[in-house]
Amino acid sequence: MSLRGAWAASLLLLLPATPAAARTVVAQPRGAVAAIAAAAAGDTVVLARGVHAGPLVLARAIVLRGEPGAVVDGGGAGSVVTVGASGAVVEDLALRGTGRSVMRIDAAVRVVIGAGVRLSRLAITDALYGVYGERADGLVVDACDISGRCAPGDERGEGNGVHLWYCARVTVRGCHISRAVDAIYLSFAHGARIEDNLIHDCGRYGFHTMYCQEGRLLRNRFTHNVAGCALMFSNHLEIRGNAFVRNQGARTYGLLLRDCSDGRFEDNRIAVNTIGVFLDGSNRNVFRRNLVQDNGWGILMFASCAKNVFASNDFVQNDYPVALDMRRTDNRFDDGREGNWWSANAAYDLDDDGSGDTEFAPVGAFAFLSKQLPDLTVLAQSPAVAALGVAEQVFPALRPSEAVDRFPRMSPVPMAPDSTPAFKGDDDEPRSGGRALPGAVAFAVLAGLGAAALVAGGGWRA
């Protein structure tokens with residue numbers, strides 16, 4: 001061999017080997033485990049139509065895809081699919097039959113220490129946990145249908161729909177989740193994006209966070225849960241364009257905030273809940289352009305809250321628009337220029353500037369008392385309570401709290417169209433009637449009743 005040929009051969013030896021082309025393998029039932037074990041990173045394993053026995057383990061960054069009708073059944077033991085490789089994809093499969101161990105966290109898909117994993121178009125049934133992620137940064141759960149084992153409203157049930165721990169920048173998008181204790185539970189999951197999901201009929205919370213910062217909750221619908229959304233020890237959140245509707249019961253909430261601060265809550269519909277918004281230990285949050293309608297309590301806020309601002313919202317036909325357990329407060333119901341629209345406010349605007357000429361006190365004496373003594377709520381629509389409301393308007397010294405809206409709007413705030421996923425049979429449109437009459441009319445009704453009683457008792461003669 002010439003010197004030139006030897007030199008060329010040595011160069012060829014130094015060049016990196018060309019990677020093998022990615023393969024696509026179709027696995028028949030009973031062949032899934034072997035096909036996955038033989039697959040190299042970048043390969044695609046397609047599960048043929050039929051029932052494939054789990055558990056399946058993805059230890060390399062492969063794509064696991066199902067043909068129409070492909071099912072993976074865990075047989076009631078452990079997790080059905082376990083992913084331990086960054087960049088793996090699981091899509092277009094039906095998964096069912098997890099184990100029942102909460103300690104092991106038996107899940108339909110379990111992702112542990114793998115970044116950038118994508119789970120798409122999975123139909124998950126009969127699962128203790130639908131998706132469990134641990135240290136799975138960048139995990140994406142997209143267009144999945146998850147139904148758990150928890151009966152609606154049963155807080156003693158077990159297992160969550162999507163349960164994520166110590167993950168960053170996760171996305172849960174376009175999913176339909178029901179019959180879990182918590183549909184989506186996040187713990188130490190920072191920068192999460194939860195959007196366009198339909199969540200209903202869960203045992204406890206539709207969405208539950210613990211110690212999660214800078215998350216975004218966008219265009220989701222939470223309905224028929226014990227609480228639509230429970231945010232705890234989580235700050236700098238963006239909650240926008242969601243519907244929290246028909247979450248009702250002895251202690252149910254549309255939106256619950258516990259030790260959550262510096263968040264923005266905008267363009268949400270909070271309707272037909274026992275308590276629309278509950279705040280405890282939560283500060284410096286801003287609520288704008290929200291519709292708070294047909295709830296028992298519109299806003300229920302504890303004395304542990306400070307410097308929250310409510311402006312440009314519509315409070316419509318709530319039994320108690322606002323209830324506080326404090327007389328003095330620095331929580332504000334206007335932003336210094338614009339307040340809210342209150343259906344209970346019989347306002348007038350002589351200077352035609354769009355704001356009422358007198359301030360409105362949203363916290364009534366009866367709401368204040370019933371907050372301390374809940375049994376009093378049976379008297380909520382009684383003539384005595386209506387008379388008390390009239391007296392508060394005439395004599396401001398009777399007001400139980402200094403919380404006022406200094407610029408109450410004369411007309412409702414235009415709301416953005418509802419762009420949350422539709423839920424069949426969930427009618428959260430405005431409820432007609434059902435409110436106590438405004439001040440002067442209520443006073444006239446009471447006066448008429450009193451006169452009628454005098455006539456009937458013979459105590460007055462023409």
Side-chain angles (χ1 to χ4, degrees), residues 16-67 70-124 127-144 146 159-160 162-172 189:
T18 302
R23 301 177 307 140
T24 297
V25 177
V26 178
Q28 300 297 324
R30 299 188 180 182
V33 173
I36 292 171
D43 288 352
T44 298
V45 176
V46 178
L47 302 187
R49 179 183 181 88
V51 179
H52 301 255
L56 304 180
V57 178
L58 277 60
R60 287 174 291 280
I62 68 169
V63 176
L64 179 64
R65 180 182 301 144
E67 292 181 347
V71 180
V72 182
D73 192 326
S79 294
V80 181
V81 177
T82 298
V83 179
S86 296
V89 176
V90 182
E91 59 187 16
D92 300 315
L93 281 167
L95 308 177
R96 69 189 186 196
T98 72
R100 296 183 176 274
S101 174
V102 175
M103 297 300 294
R104 288 196 310 262
I105 314 182
D106 292 338
V109 182
R110 181 183 174 93
V111 182
V112 179
I113 315 180
V117 173
R118 178 180 291 272
L119 311 176
S120 298
R121 299 178 300 279
L122 304 178
I124 296 173
L128 181 64
Y129 291 83
V131 174
Y132 174 76
E134 177 181 330
R135 299 183 183 274
D137 292 351
L139 173 67
V140 175
V141 183
D142 179 54
C144 294
I146 302 173
N160 300 322
V162 176
H163 185 119
L164 305 178
W165 180 77
Y166 226 96
C167 303
R169 303 177 304 281
V170 298
T171 299
V172 182

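From T44, atom OG1 reaches atom CZ of R23 across 10.5 Å, with rounding to the nearest 0.5 Å. R121 CZ to C144 SG: the interatomic distance, rounded to the nearest 0.5 Å, is 9.0 Å. Rounding to the nearest 0.5 angstrom, the gap separating the CZ atom in R169 from the CG atom in L139 is 11.5 Å.
For the pair I36 and V57, the minimum side-chain heavy-atom distance is 4.5 Å or more. Contact check for L64 versus L47: side-chain heavy atoms found under the 4.5 Å cut-off. Residues I124 and T98 have side chains not in contact (no heavy-atom distance under 4.5 Å, counting atoms from C-beta outward). V33 is listed as a side-chain neighbour of L56, based on a closest heavy-atom distance under 4.5 Å.
Between V102 and Y129 the shortest heavy-atom distance is CG1-OH, 3.6 Å. In this structure, A136 and C167 approach most closely via the heavy-atom pair N-SG, 3.4 Å. In terms of heavy-atom proximity, A39 sits nearest to V45 at CB-CG2, 3.9 Å. Nearest heavy-atom pair across A88 and V83 is CB-CG1, 3.7 Å. The two atoms that bring A48 and Q28 nearest to each other are CB-OE1, 3.5 Å, heavy atoms only. Taking all atoms of both residues into account, the shortest heavy-atom contact from G42 to A22 is O-CB, 3.3 Å.
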Kindly list each side-chain donor-acceptor pair under 3.5 angstrom involving residues 108-120, sequence neighbours excluded, with atom names and distances?
from : atom 1 : to   : atom 2 : distance (Å)
R110 : NH1    : R104 : O      : 2.9
R110 : NH1    : I105 : O      : 3.3

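Remark: side-chain polar atoms of D92 are not paired, donor with acceptor, to backbone N or O of R65 under 3.5 angstrom. Formation of a donor-acceptor pair under 3.5 Å by the R30 side chain with backbone atoms of A53 is not found in this model. Side chain of D43 to backbone of I62: no donor-acceptor contact under 3.5 angstrom is found. Counting only distance, with no hydrogens or angles, the side chain of R96 and the backbone of V71 share no donor-acceptor pair below 3.5 Å.
Using bins of under 30°, 30° to 60° and over 60° for the plane-to-plane angle, the ring pair Y132/H163 lands in the tilted bin.
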Practice item. Show your reasoning for whether salt bridge (Lys or Arg N to Asp or Glu O under 4.0 Å) applies to E67 and R49. Key: CA-CA 6 Å; E67 292 181 347; R49 179 183 181 88; over 6 Å; no

Review point. So D142 and T171, side-chain contact (heavy atoms from CB on, under 4.5 Å) or not? Walk me through it.
Key: CA-CA 8 Å; D142 179 54; T171 299; over 6 Å; no

